[in-house]
Amino acid sequence: MNHLPKPAGEGLRTRVFQIIFESDTPLAKGFDIALIVAILASVLVVMLESIESLRADYGTLFFWLEWGFTLAFTLELAVRLYCLERPWMYLKSFYGIVDLIAILPTWLTLIVPGAQTLVMVRLLRTLRIFRVLRLMEFVGEGRLLVGALRRSSHQIFLFLFTVFMLVSIFASIVYLIEPAEAGFSSIPTAIYWAIVTLTTVGYGDIVPVTPLGQAISVMVMLIGYSIIAVPTGVFSAEVIRSIRADRYSDEACPGCGHDRHEQRAKYCLLCGTWLDENSPDPHLTEEQQEAWWREHGGDEKDAEQEPPAH
């Protein structure tokens, strides 16, 4: 099923659709770039407004700028829905939901004061830059990474569970050893210290004071350095496996047995043997090709094989 948005009809709606939803014309690209600049500017206004000194001096300006951006984005969303054949389908899509959420916080301030800080979600709208700059091929790369993360989720979960058990054990030991005056007032607090120590962050707000506790701290830090690369290695292995699965074929060469050829390879890299089992080598003579088809029970006239480009 095709989920791409479609124009509602001919005439004005189609022209507006081509400007807003497409990026293959200078006018459409200009609209997208202007939209992205406006999104970044609106987010910058919210950031500056959070600074107390600037809010005291320019609070009124920030207020009207934010409402100006909100009205502009509201109008833009209304125009998007106007030129679509099925506007509700767009509102249920990812970009439609983001567009709607991007304007809701400012309108909510009429009911809930302070909700305007939620407009930071507008940064998600800058994902449209992928369409403007023709970067959609990176979506496939992103899917590869997500797939690798999904396949390695069990190993990573097992790793995190093991780390949590180690942290709990060390935290319990340190809790028994260290006095409460050192900050180890409970096992959850000791677990917090163990996690901070294991990850080598070291805030220093809770520090063991006994020699045995300090020795355990050294042990926990060394374990942290040794295991911190484990999930990275598991994930990297899955990424490499996915890349190889997409790029290479497992079929062995009938000439030398080599089995790591690229998917679209026609000849073996090592011995030059023809790899396609469904057609004869185009460099064979006509008599040899006819003999190949007779041997494999086919007809070369029906195959209509085209020789590979050199």
Side-chain angles (χ1 to χ4, degrees), residues 1-49 61-112 114-150 242 246:
M1 182 180 296
N2 188 4
H3 296 284
L4 294 177
K6 297 180 180 179
E10 299 296 332
L12 177 62
R13 289 187 173 184
T14 300
R15 291 195 294 272
V16 174
F17 177 88
Q18 292 172 348
I19 295 174
I20 294 181
F21 285 95
E22 297 179 0
S23 60
D24 53 355
T25 63
L27 187 58
K29 285 187 177 181
F31 173 83
D32 285 336
I33 293 174
L35 177 61
I36 291 171
V37 171
I39 293 169
L40 296 176
S42 67
V43 172
L44 178 62
V45 168
V46 175
M47 291 181 178
L48 295 177
E49 189 182 16
L61 175 62
F62 290 150
F63 174 82
W64 288 112
L65 283 176
E66 175 53 32
W67 271 107
F69 285 124
T70 299
L71 292 175
F73 293 146
T74 303
L75 177 62
E76 179 232 346
L77 179 59
V79 174
R80 285 182 184 273
L81 299 179
Y82 163 76
C83 64
L84 288 177
E85 180 183 16
R86 298 179 179 178
W88 287 108
M89 293 295 295
Y90 176 75
L91 282 178
K92 293 189 294 183
S93 67
F94 171 77
Y95 281 119
I97 294 174
V98 171
D99 290 348
L100 185 61
I101 294 177
I103 63 175
L104 284 180
T106 306
W107 291 109
L108 285 176
T109 56
L110 300 176
I111 305 174
V112 183
Q116 68 270 16
T117 56
L118 298 177
V119 300
M120 298 298 292
V121 75
R122 286 178 182 169
L123 282 174
L124 290 176
R125 301 195 71 197
T126 57
L127 291 175
R128 298 182 186 277
I129 198 172
F130 282 85
R131 182 164 61 91
V132 178
L133 301 180
R134 301 294 186 181
L135 300 178
M136 292 307 294
E137 60 267 20
F138 289 106
V139 174
E141 305 298 332
R143 290 174 180 171
L144 185 146
L145 295 178
V146 172
L149 183 61
R150 186 182 300 112
S242 299
D246 291 341

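- By the side-chain contact (heavy atoms from CB on, under 4.5 Å) test, L27 pairs with I19, T25, sequence neighbours left out.
- Here the straight-line distance linking atom CZ of F73 with atom CG of L100 works out to 14.0 Å at 0.5 Å rounding.
- Side-chain N/O atoms of T70 and E66 include a donor and acceptor closer than 3.5 Å.
- The heavy-atom pair separating L77 from I103 by the smallest distance is CD2-CD1, 3.9 Å.
- Atom CD of residue E49 and atom CG of residue L61 lie 10.0 Å apart, to the nearest 0.5 angstrom.
- Inter-residue side-chain proximity for Y90 and P87 is flagged as unmet; no heavy-atom pair is nearer than 4.5 Å.
- Taken to the nearest 0.5 Å, the SG atom of C83 stands 12.0 Å off from the CZ atom of R15.
- Nearest heavy atom pair, residue L35 against residue E76, reads CD2-OE2, 3.5 Å.
- Evaluated for a side-chain contact (heavy atoms from CB on, under 4.5 Å) with F69, the options T74, V43, V45, I39 yield exactly one hit, V45.
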